[in-house]
Protein chains: 2
Amino acid sequence: MSSSASIGSVAIQQRRERERAERHQLIVDAARQLAETEGWEAVTTRRLAERVEYSQPVLYSHFKGKDAIVRAVAIESFGVLAEQLRAARTAHAEPAAALRALAVAYLDFASARPALYEVMFVRPTDLAFGTSEAPAPLRAAFGEILTAVQPLAGGHDLETLTEVVWSALHGLATLTSGQRLRPAQHQARLDLLLGRLTG
Amino acid sequence: MSSSASIGSVAIQQRRERERAERHQLIVDAARQLAETEGWEAVTTRRLAERVEYSQPVLYSHFKGKDAIVRAVAIESFGVLAEQLRAARTAHAEPAAALRALAVAYLDFASARPALYEVMFVRPTDLAFGTSEAPAPLRAAFGEILTAVQPLAGGHDLETLTEVVWSALHGLATLTSGQRLRPAQHQARLDLLLGRLTG
DNA sequence: TCGCGCAGCTAGCACTGCTAGATCCTTCGA
DNA sequence: TCGAAGGATCTAGCAGTGCTAGCTGCGCGA
């Protein structure tokens with residue numbers, strides 16, 4: 001029966017694509033998990049292959065190289081961050097409170113998930129940012145900050161002010177993670193920053 | 001003649017120590033030069049050894065490991081940055097102008113010498129910072145920012161405000177270097193930041 | 001001038017990212 | 001039902017990494 005045979009081949013191909021997609025995600029998950037528990041220097045192709053219970057070359061049938069795997073983790077993480085920023089922002093009606101909650105959420109993400117923050121913002125990557133080619137989760141994360149800043153922009157250019165706010169948060173996040181700021185003054189710094197930038 | 005012999009041995013030992021110190025500096029210079037021209041991924045022990053015209057093991061008689069060489073470059077660079085910040089700050093009598101010049105000098109350093117800035121502030125290192133064990137050039141660099149901020153601190157805690165200013169500059173520096181901010185708005189961001197933080 | 005001590009080298013280990021080529025298993029057509 | 005074709009997967013290996021054990025030969029002191 002040629003008809004059932006062709007139906008079968010389509011179903012089989014679909015199943016294969018589904019299995020491939022699952023394994024693709026398995027690799028990304030393993031990389032993220034390994035990085036979060038042991039740091040990015042522990043993420044090697046051999047250890048990754050061992051985790052997903054396949055040989056190394058399989059990784060290269062899914063990704064062009066190790067960098068592409070790391071990039072996939074980064075893009076996924078932008079989605080997580082965007083979601084958390086949104087939750088924090090929308091939990092407050094008052095603009096100043098919303099921005100503050102968003103800022104706290106941003107810094108919490110950076111300190112709670114340093115490996116993810118590192119690969120998203122610190123490690124030099126060729127991820128497009130400003131352009132329209134930037135991945136959607138990435139634009140979403142920036143959009144969250146922008147939305148929170150908007151009601152407080154006053155006479156300033158919204159996008160410029162957003163860039164400044166983001167830069168300051170990023171600076172606080174990375175210097176804090178590098179233990180270069182006095183931990184006890186964490187909240188005082190944030191208060192001072194937000195009070196001055198959007199007072 | 002035992003006296004001349006012992007004098008000779010002292011002189012010889014001094015010469016050896018001098019030569020060792022010169023070679024020590026030669027290694028640090030080679031590492032810095034290699035990093036600035038080809039990036040830190042090009043700084044390998046083999047290429048470094050080739051540059052200084054010795055075999056690899058010689059590096060390990062001077063430094064505990066590759067990390068120690070990189071750290072030496074970082075510490076040296078803190079001295080350079082501190083000097084440039086000082087020059088910019090002392091060139092202006094008016095406090096706001098002095099702080100602005102210092103900020104511009106900071107961002108210029110980051111963009112003109114990205115490899116140095118990276119190893120000083122971006123790469124995760126175990127360099128002590130807040131403590132008194134921090135290397136002198138490192139404390140000097142922070143002190144320059146603090147001195148420039150001081151006249152404009154107003155009612156705020158000086159050290160906290162300095163940390164915030166530094167964080168914001170650091171954020172601008174790293175996000176700019178990663179091409180994540182709109183280049184054309186560079187000056188607008190700095191104006192906005194300084195105006196708000198120390199207005 | 002001789003012998004010692006140590007500076008510096010050669011060679012190699014265990015690891016890295018990545019890939020060529022062999023192998024086996026699945027699927028399809030006769 | 002069976003053989004052949006195709007592709008998915010693995011083994012083995014390359015060139016490079018940081019680092020070190022152990023040999024060698026030179027320079028100094030007596």
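Note on naming: letters A, B, ... go to the chains in the order of the sequence lines (proteins, then strands), and numbering restarts at 1 for each one. Owing to the predicted nature of the structure, the values given are computational and were not obtained by experimental measurement. Values below: all heavy atoms of this structure, side chains included; hydrogens, waters and symmetry mates excluded.
Residue A/Arg23 is classed as a sugar-phosphate contact, given heavy-atom separations below 4.0 Å to backbone atoms only. Within 4.0 Å (heavy atoms only), A/Thr44 reaches sugar-phosphate atoms of the nucleic acid but no base atom.
For A/Lys66, counting side-chain heavy atoms from C-beta on, the closest listed nucleotide (C/dC18, D/dG18, D/dC10) is C/dC18. Comparing D/dT20, D/dT9, D/dT11 by their nearest atom to the side chain of B/Pro57 picks out D/dT20. Checking D/dC10, C/dG17, D/dC19 against every side-chain atom of A/Tyr54, the shortest atom distance belongs to D/dC10.
Closest approach of A/Pro95 and A/Leu152 over heavy atoms only: O-CD1, 3.8 Å. Heavy atoms only, all atoms of each residue included: A/Ala35 and A/Ala115 are closest at O-CB, 3.5 Å.
Straight-line distance from the NE2 atom of B/His62 to the C1' atom of C/dC6: 14 Å, rounded to whole Å. In this structure, B/Glu50 atom CD and C/dT10 atom P are separated by 13 Å, rounded to whole Å. One can place CH2 of B/Trp40 at 16 Å from C1' of D/dT17, the figure rounded to the nearest angstrom. We find that OH of B/Tyr60 is positioned 4 Å from P of D/dC19, with the value rounded to whole Å. Spacing between atom CD of B/Glu19 and atom C1' of D/dC28 amounts to 14 Å, rounded to whole angstrom units. Taking atom CG of residue B/Leu48 and atom P of nucleotide D/dC19, one finds them 11 Å apart after rounding to whole Å. If you measure from atom CD of B/Glu38 to atom P of D/dG16, you get 14 Å, rounded to the nearest angstrom. One atom, CD of B/Gln56, and another, C1' of D/dT20, lie 10 Å apart when rounded to the nearest Å.
The base of C/dG17 sits with one of its N or O atoms less than 3.5 Å from a complementary donor or acceptor on the side chain of A/Arg46.
Between B/Arg51 and B/Asp29, no side-chain nitrogen of the basic residue sits less than 4.0 Å from a carboxylate oxygen of the acidic one, so the salt-bridge criterion is not met.
Put simply, the residue from A/Phe142, A/Tyr106, A/Phe109 that forms a side-chain contact (heavy atoms from CB on, under 4.5 Å) with A/Leu85 is A/Tyr106.
Regarding contacts with the backbone of C/dC18, every side-chain N or O of A/Thr45 stays at 4.0 angstrom or more from both OP1 and OP2.
Atom CD of B/Glu50 has 12 or fewer heavy atoms from other residues, nucleotides or ligands within 6.0 Å.
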